[in-house]
Novice: 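My structure is below; once you've seen it, I'll send some questions.
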Protein chains: 2
Amino acid sequence: MAKTISEIAEATGYSRTTITMVLSGRASQYRISARAQKIIQAYVDEHGVTINQTARNLKTKRSQTVGFIVPDIANAFFAHVTAHLEGLCRAEGLVLVTTSSLEDPETEKRAIDSLLARGVDGLVLAPCAPRPPEPSRKRGRNTPLILIDRAYPEDQAPVISSNHQVSAHLVTREMIAAGASRIAFLCGHPDNPSIQDRIEGFRKAVVEAGLSDEDVQLLSAPEDSAEAGHAMMGQLMSAAGRAPPAILCSSLLVLEGALKRMKGELGAVPRDVIIGTFDYDGLLEFLPNKVFVVQQDEEAMARAVFDLLLQQMSGQKAIKPGRTILETQLVHLG
Amino acid sequence: MAKTISEIAEATGYSRTTITMVLSGRASQYRISARAQKIIQAYVDEHGVTINQTARNLKTKRSQTVGFIVPDIANAFFAHVTAHLEGLCRAEGLVLVTTSSLEDPETEKRAIDSLLARGVDGLVLAPCAPRPPEPSRKRGRNTPLILIDRAYPEDQAPVISSNHQVSAHLVTREMIAAGASRIAFLCGHPDNPSIQDRIEGFRKAVVEAGLSDEDVQLLSAPEDSAEAGHAMMGQLMSAAGRAPPAILCSSLLVLEGALKRMKGELGAVPRDVIIGTFDYDGLLEFLPNKVFVVQQDEEAMARAVFDLLLQQMSGQKAIKPGRTILETQLVHLG
DNA sequence: GTGAAAGCGCTAACAC
DNA sequence: GTGTTAGCGCTTTCAC
């Protein structure tokens with residue numbers, strides 16, 4: 001239905017150059033006659049246009065495209081960041097191409113290469129592994145790169161993340177203040193630097209509260225999943241012979257698994273277990289327990305990422321590999 | 001770091017053609033000498049390659065890219081379908097480009113045009129509005145199109161969706177069997193054909209169970225959100241002066257809003273309210289209520305979509321605008 | 001005011 | 001066996 005530039009040129013009798021000029025809004029700059037503009041505009045209004053972006057990209061060496069690599073798009077946190085980032089991109093005429101690395105460094109690397117080969121104008125990466133020393137920047141095309149969520153010490157690009165350490169510290173402190181005399185932290189994926197930050201915050205809070213070593217437990221599992229949470233809770237319960245009075249979970253999936261284990265062994269989740277968790281779910285509110293939730297601000301994160309990215313894409317500033325830390329919100333439910 | 005074809009040609013002393021042939025694995029077909037292959041392969045192994053996909057796409061008129069338009073990527077159902085679809089695409093060397101329409105037909109149309117202009121080889125659409133009579137198929141490039149989730153009667157492309165009618169019928173029947181003598185269906189977005197199917201299934205079940213008109217209520221709100229659920233539950237409670245004995249919600253968001261209203265007005269969600277809902281959330285299991293959940297099979301949906309898409313992309317079959325209906329699972333919790 | 005022409009980096013038919 | 005060459009559809013400089 002919609003016409004290509006050549007088709008419009010042929011139909012209106014003008015050259016491709018002229019069509020391009022009026023379509024790109026530079027008609028007056030190139031002194032295209034009002035008459036020509038009107039004829040072309042009328043034709044376009046009637047038939048529509050479709051510019052072959054591939055040809056355009058090849059010529060201009062830009063693609064109006066931003067790549068986004070997340071560990072897992074099915075993870076609610078990343079899905080929300082994606083939604084916000086996509087909205088910001090759309091408003092600037094950019095297309096966001098999101099892809100998952102599945103926490104696999106090899107897949108992540110392939111995704112980076114694939115997006116770079118496709119000529120994305122910018123790349124946002126929630127890394128599942130430390131950056132390779134020499135980032136895959138091909139043929140001098142110095143694609144802007146922003147990292148989010150996880151800060152590896154050796155990162156050579158700007159990083160934007162939530163304040164994992166402080167939020168873990170706060171949530172732990174609140175749980176203790178709410179009566180948690182013993183507390184267990186169930187972590188998925190402990191080599192992830194965000195989790196390490198959380199562990200540090202947790203440790204600090206329990207030390208400050210004067211909890212003794214036997215009142216504090218730190219469990220971890222190699223992956224972030226309900227199964228991992230289920231297994232860790234199993235460990236905890238078989239060691240203590242009962243449900244722990246308070247659990248902090250590194251993710252909703254881990255929490256889900258942990259709750260499932262308690263329900264499985266005890267018939268129900270004891271109402272007096274104090275729960276702390278990272279990332280919000282609308283149904284948390286209806287658990288009968290006391291629940292403390294660390295909520296990241298996905299919208300602020302998307303905005304911070306996008307601002308930095310636009311800056312770099314317009315080449316305004318040199319790339320400075322600093323870290324931007326976003327505050328989180330602690331919500332108390334039930 | 002990685003080299004372009006021209007760079008490899010220059011460095012190895014072979015022509016671009018020769019390089020292309022060995023890189024595309026058609027070396028023997030083009031009778032490239034073993035020696036040349038070895039030299040080129042060695043160079044590539046050391047330095048890496050990066051083929052400019054833009055140039056390649058322009059020449060070949062394919063992009064190894066599939067477009068996917070969903071109402072909202074932050075919706076867990078679509079996020080899961082996306083994750084599965086992306087995995088299938090990756091396995092075939094395709095990149096999935098996902099974008100949200102935000103339930104806005106205008107945004108949806110722009111998204112379609114944008115993806116088509118970028119030359120996607122296939123398009124998957126969860127439509128938020130009936131297809132336009134003349135689909136935006138530009139310049140004869142007859143891009144395969146698959147519709148999912150929602151079937152509009154006038155659709156001219158294959159549709160894959162869950163069995164919304166039957167699942168609503170079943171869940172309603174089970175709720176009634178579990179003791180729901182009165183039941184309310186809270187629907188977001190009632191002009192969505194999936195919701196209409198569900199309403200039909202619901203109606204059928206209440207008629208079959210012999211519920212009288214005053215025992216059945218059907219509420220709807222123009223959007224699918226927690227706010228809508230909150231408002232509908234408000235209506236329900238102020239009319240009856242108490243919590244309804246059973247509610248069926250068209251989505252998790254609506255359920256969340258409805259529960260929040262009950263909690264707000266009564267201090268807590270009454271434990272004896274029987275709950276029915278569409279789409280699963282890991283925390284549903286820990287509500288103290290009886291909960292019936294209709295679970296769609298996102299993986300099966302992704303697979304069905306992908307199979308059809310591949311068929312069409314390889315031109316094996318004529319496009320027949322039929323409907324594929326996937327079965328759902330009814331889960332009883334609590 | 002408008003158009004001709006070069007060329008973006010690749011592929012593939014064809015020539016040698 | 002390997003290289004030459006003609007484009008893919010667009011943008012943009014420069015000539016008229």
Side-chain angles (χ1 to χ4, degrees), chain A residues 2-41 43-44 49-65 114 116-121 138-141, chain B residues 2-41 43-44 49-65 114 116-121 138-141:
Chain A
K3 303 296 187 192
T4 67
I5 290 198
S6 299
E7 284 167 352
I8 298 173
E10 180 150 359
T12 59
Y14 289 95
S15 73
R16 295 213 314 268
T17 310
T18 308
I19 311 297
T20 299
M21 290 315 168
V22 348
L23 286 184
S24 65
R26 287 170 300 174
S28 55
Q29 184 188 327
Y30 277 79
R31 300 164 308 172
I32 307 297
S33 67
R35 182 182 137 75
Q37 293 187 43
K38 212 154 60 190
I39 291 175
I40 293 167
Q41 197 54 57
Y43 186 87
V44 165
V49 220
T50 171
I51 296 179
N52 181 326
Q53 291 296 332
T54 306
R56 186 177 207 280
N57 296 348
L58 179 58
K59 182 67 187 172
T60 60
K61 297 185 180 307
R62 305 192 102 263
S63 63
Q64 313 290 17
T65 274
S114 161
L116 252 23
R118 292 192 136 74
V120 293
D121 295 337
K138 50 160 194 175
R139 65 181 110 152
R141 223 180 147 302
Chain B
K3 304 297 186 192
T4 67
I5 289 196
S6 299
E7 284 167 351
I8 298 174
E10 181 149 1
T12 58
Y14 289 96
S15 74
R16 295 215 314 271
T17 308
T18 307
I19 310 298
T20 299
M21 289 317 165
V22 349
L23 287 184
S24 65
R26 287 171 297 174
S28 55
Q29 184 187 326
Y30 275 79
R31 300 164 306 173
I32 308 296
S33 66
R35 181 183 138 77
Q37 293 187 43
K38 212 154 58 188
I39 292 175
I40 293 168
Q41 196 52 58
Y43 187 89
V44 164
V49 220
T50 171
I51 295 180
N52 182 325
Q53 290 297 332
T54 306
R56 184 177 209 280
N57 295 348
L58 179 58
K59 180 66 186 174
T60 59
K61 297 187 181 308
R62 306 192 104 260
S63 64
Q64 313 290 17
T65 272
S114 161
L116 252 22
R118 292 191 136 73
V120 292
D121 296 337
K138 51 160 190 172
R139 64 180 108 152
R141 222 179 147 301

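A note on names: the letters A, B, ... follow the listed sequences, proteins ahead of strands, and every chain is numbered from 1.
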Novice: Which residues satisfy the side chain to side chain contact (heavy atoms under 4.5 Å, CB included) test with A/Ser28, sequence neighbours excluded?
Specialist: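 Partners of A/Ser28 by the side chain to side chain contact (heavy atoms under 4.5 Å, CB included) criterion come out as none, since no residue qualifies.
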
Novice: Write down the distance between CD1 (B/Ile19) and C1' (D/dG1), rounded to a whole number of angstrom.
Specialist: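 Taking atom C1' of D/dG1 as the reference, CD1 of B/Ile19 is at 14 Å.
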
Novice: Of all residues at least two apart in sequence or in a different chain, which pass the side-chain hydrogen bond (donor to acceptor under 3.5 Å, both in side chains) check with B/Ser6?
Specialist: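 With sequence neighbours excluded, B/Ser6 shows a side-chain hydrogen bond (donor to acceptor under 3.5 Å, both in side chains) to no residue whatsoever.
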
Novice: Starting from C1' on D/dG7, measure out to CG on A/Asn52 and report it in whole angstrom.
Specialist: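 It is 14 Å, rounded to the nearest whole Å.
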
Novice: Tell me: CG of B/Asn57 to P of C/dT11, nearest whole Å?
Specialist: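 Rounded to the whole Å, the gap is 10 Å.
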
Novice: List the residues meeting side chain to side chain contact (heavy atoms under 4.5 Å, CB included) with A/Thr65, not counting sequence neighbours, and say none if there are none.
Specialist: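 Expected list: A/Ser63, A/Val95, A/Val97, A/Val120, B/Arg118.
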
Novice: Could you state the CD1-C1' distance from A/Ile40 to C/dT2, rounded to the nearest angstrom?
Specialist: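 Those two atoms, CD1 and C1', are 10 Å apart.
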
Novice: Find the distance B/Arg118:CZ to D/dG9:C1' and express it as a whole number of Å.
Specialist: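 Distance check: B/Arg118 CZ to D/dG9 C1' gives 15 Å.
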
Novice: What is the distance, to the nearest angstrom, from the NZ atom on B/Lys61 to the C1' atom on C/dA12?
Specialist: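 Answer to the nearest Å: 14 Å.
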
Novice: CD of A/Glu10 versus P of C/dT2: gap in Å, rounded?
Specialist: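 To the nearest whole Å, that distance equals 19 Å.
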
Novice: Applying the side-chain contact (heavy atoms from CB on, under 4.5 Å) test to B/Ile5, which of B/Thr20, B/Asn52, B/Thr50 qualifies?
Specialist: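 Testing B/Ile5 for a side-chain contact (heavy atoms from CB on, under 4.5 Å) against B/Thr20, B/Asn52, B/Thr50 leaves exactly one candidate, B/Thr20.
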
Novice: Looking at residues at least two apart in the chain, or sitting in another chain, which of them share a side chain to side chain contact (heavy atoms under 4.5 Å, CB included) with A/Glu10?
Specialist: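 Side chain to side chain contact (heavy atoms under 4.5 Å, CB included) list for A/Glu10, sorted by chain: empty.
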
Novice: Rounded to 10°, tell me the angle between the two end axes of the helix from C/dG1-D/dC16 to C/dC16-D/dG1, each built from five pairs.
Specialist: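 Terminal axis comparison yields 50°.
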
Novice: Nearest heavy-atom pair of B/Lys3 and B/Ile8: which atoms, and what distance?
Specialist: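 In terms of heavy atoms, the two residues are closest at CB-CG1, 3.7 Å.
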
Novice: Checking B/Tyr43 now: which residues fulfil ring pair (Phe, Tyr, Trp, His ring centres under 6.0 Å) with it, not counting sequence neighbours?
Specialist: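 Result, ring pair (Phe, Tyr, Trp, His ring centres under 6.0 Å) vs B/Tyr43: B/His47.
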
Novice: Assign a letter to each nucleotide of nucleotides 11-16 of chain D from its 5' end: B, base within under 4.0 Å of a protein heavy atom; S, sugar-phosphate only; -, no contact.
Specialist: BBB---

Novice: Please give, in whole Å, the distance from C/dT11 P to A/Leu58 CG?
Specialist: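 These atoms are roughly 12 Å apart.
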
Novice: Go through the structure and list residues passing side-chain hydrogen bond (donor to acceptor under 3.5 Å, both in side chains) with A/Thr17, not counting sequence neighbours.
Specialist: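 None.
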
Novice: Looking at residues at least two apart in the chain, or sitting in another chain, which of them share a side chain to side chain contact (heavy atoms under 4.5 Å, CB included) with A/Arg35?
Specialist: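 So A/Arg35 forms a side chain to side chain contact (heavy atoms under 4.5 Å, CB included) with A/Tyr14, A/Ser33, A/Ile39.
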
